[in-house]
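Computed from heavy atoms alone, side chains included, the values below leave out hydrogens, waters and symmetry copies. All chains are named by letter (A, B, ...) in the order of the sequence lines, taking the proteins before the strands, and each is independently numbered beginning at 1.
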There are 2 protein chains.
Amino acid sequence: MSEFNLLFKALNIVEEDLKAEIIQCGVVQTVPKHSYIVEQDKYIKWLAIVISGKVRVWQENEDRQILLYYVNPIETCVLSLSATFRDCKSVVNAKTVEETTIIKLPVRVVTAWSFKYKSWNKFTTESFIFSYEDLLHSYKNLAFNKIDKRVLDYLHTYAKKNKSLSIPLSHSQLAKEIGTTREVISKILKQFELSGLVNLKIKQIELL
Amino acid sequence: MSEFNLLFKALNIVEEDLKAEIIQCGVVQTVPKHSYIVEQDKYIKWLAIVISGKVRVWQENEDRQILLYYVNPIETCVLSLSATFRDCKSVVNAKTVEETTIIKLPVRVVTAWSFKYKSWNKFTTESFIFSYEDLLHSYKNLAFNKIDKRVLDYLHTYAKKNKSLSIPLSHSQLAKEIGTTREVISKILKQFELSGLVNLKIKQIELL
DNA sequence: AAAAACTGGTACCTTTTGTTACAGCTGAAA
DNA sequence: TTTCAGCTGTAACAAAAGGTACCAGTTTTT
């Protein structure tokens, strides 16, 4: 099935006019792994919807990072979605984790769709709601939980989303997800191992 | 001017049908200070829009709190807005700071408006975008800044929003906004005073 | 006016988190 | 095979933040 048809099906887009508009102005693009999709402080000109692959979205401050979320197939980054309503610079970075196919839609064209097409309205609304709740959850987690709890949460969430108890991350990668340093992660993982919570291998953490 | 007309004007609601619907199902209510508008884990049945007064929205965990945002006149709480699209329990608390007049709209009725009325679509979209960016800013702040910086940020933001260099909060109230304890705030404010950044009085912090 | 509750100041200690420094290990490239 | 960069482990130390305790004003309630 073509990328467009995948998109139509996943978002329940039935309006022929909308389909035509998307096909007309949409650009299918396959991006190699570890490529930037958006960069902090740069203007967002395209709304990108991930068809296959995965995109990591995070914030930076000096040498620290903190994960915001991953964009999975048939999702879009909320922040580029806001950009479709209001020209603005990105306050985040987004980079492909693996080879990723996206459909790019020019921001200016998309703006009107949310009122014109019911399916698009639903898509944007749900994206906003889901993303807001997700961020809220992260905020609460960050505000009230110590790092070890946050690490454990992260591992469990990762396992759940990927349906695998094996998390293929190095200590320093994990540190960047959580917003701390490698040494702290090493210490915590070691404690987890001693408590029998995990098995540690190189670039691999196995939940027990 | 009636509360409804204030609302129509502020949100640029021109559709007569929408005005009629709002007037028909909306309830104007004046709530005394320090009253709960929504409570954690309870279902949201009304979308509340603040007409005058102020509502504080926060999250709790054991004896700690952290401020999410204030809802000011002609704003609505995003979270109750999401509830209009999807029945859900509140994950936050909201309480009036002062006597507050709100217009309550039953969640079930509002759902369809965002596609039916352009002005309502704009209102919801802008609420989502604004709130998301606001939360994102708080998240970054929490992730990367130490408490003293966050306190200073809070004071400056407060001063800016209220157009007054005088912040009428006790140390323990401020602690609850930031998500820490009274002693920590006392220590930090004392340092600020010694550095000549603020003047301290009882229940009053003056930015210099 | 007396009592109670709230507010602020401070000292001391603990826990949590971060930093520095170094050593051993692993896997891929030359 | 050697080499080297990246990964992991760990110890010692430093800084940030939180907890406890107690005291002294101030405001509110009784």
Subject >> Separation of D:dG6 C1' from A:K176 NZ (nearest whole Å) >> reply: 12 Å

Original post:
What is the distance, rounded to the nearest whole Å, between atom CD1 of B:I66 and atom P of D:dG18?
Top reply: 11 Å

Original post:
Would you call B:R86-A:E126 a salt bridge at under 4.0 Å N-O?
Top reply: no

Original post:
In Å and rounded to the nearest 0.5 Å, what is the NZ to CZ distance from A:K187 to A:F192?
Top reply: 13.5 Å

Subject >> Under 3.5 Å: donor-acceptor pair, side chain of A:E133, backbone of A:F130 >> reply: no

Subject >> Phosphate-side-chain proximity, B:S186 and C:dT7, N/O vs OP1/OP2 below 4.0 Å >> reply: no

Original post:
What is the nucleic acid contact for A:L189, judged by heavy atoms within less than 4.0 Å: base, sugar-phosphate only, or nothing?
Top reply: nothing

Subject >> Rounded distance (Å) that lies between atom C1' of C:dT19 and atom CD1 of A:I185 >> reply: 15 Å

**OP:** Specify whether A:F8 and A:F4 have parallel, tilted or perpendicular ring planes, treating 30° as the upper limit for parallel and 60° as the lower limit for perpendicular.
**Re:** parallel

Original post:
Can you tell which of C:dT10, C:dT17, D:dG9 lies closest to the side chain of A:R182?
Top reply: D:dG9

Original post:
Starting at the 5' end of DNA chain C and moving along, which residue's nearest nucleotide shows up first, A:D148 or B:Q173?
Top reply: B:Q173

**OP:** Take the protein atom CD of A:E183 and the nucleotide atom P of D:dA14, then report the distance between them rounded to whole Å.
**Re:** 17 Å

**OP:** Among D:dG9, D:dG19, C:dT17, find the nucleotide with the atom closest to the side chain of A:K146.
**Re:** C:dT17

Original post:
Could you state the CZ-C1' distance from B:F144 to C:dG18, rounded to the nearest angstrom?
Top reply: 15 Å

Original post:
Rounded to the Å, how far apart are A:H171 NE2 and C:dC25 C1'?
Top reply: 13 Å

Original post:
How many Å lie between CZ on A:R64 and P on D:dA16, as a whole number?
Top reply: 12 Å

**OP:** Answer with base, sugar-phosphate or nothing: what part of the nucleic acid does A:K187 contact at a heavy-atom distance below 4.0 Å?
**Re:** base

Original post:
Between A:I202 (CD1) and C:dC25 (P), how many Å, whole number?
Top reply: 11 Å

Subject >> Pairwise 5' ranking along DNA chain D for B:V184 and A:S172, keeping only the more 5' one >> reply: A:S172

Original post:
Given D:dG9, D:dC7, C:dT10, which nucleotide is nearest the side-chain atoms of A:K203?
Top reply: D:dC7

**OP:** With the side chain of B:S170 defined as its heavy atoms from C-beta on, choose the nearest nucleotide among C:dT7, C:dG9, C:dT19.
**Re:** C:dT7

Subject >> For B:Y69, the option from B:L79, B:L135, B:V92 that meets side-chain contact (heavy atoms from CB on, under 4.5 Å) >> reply: B:L79

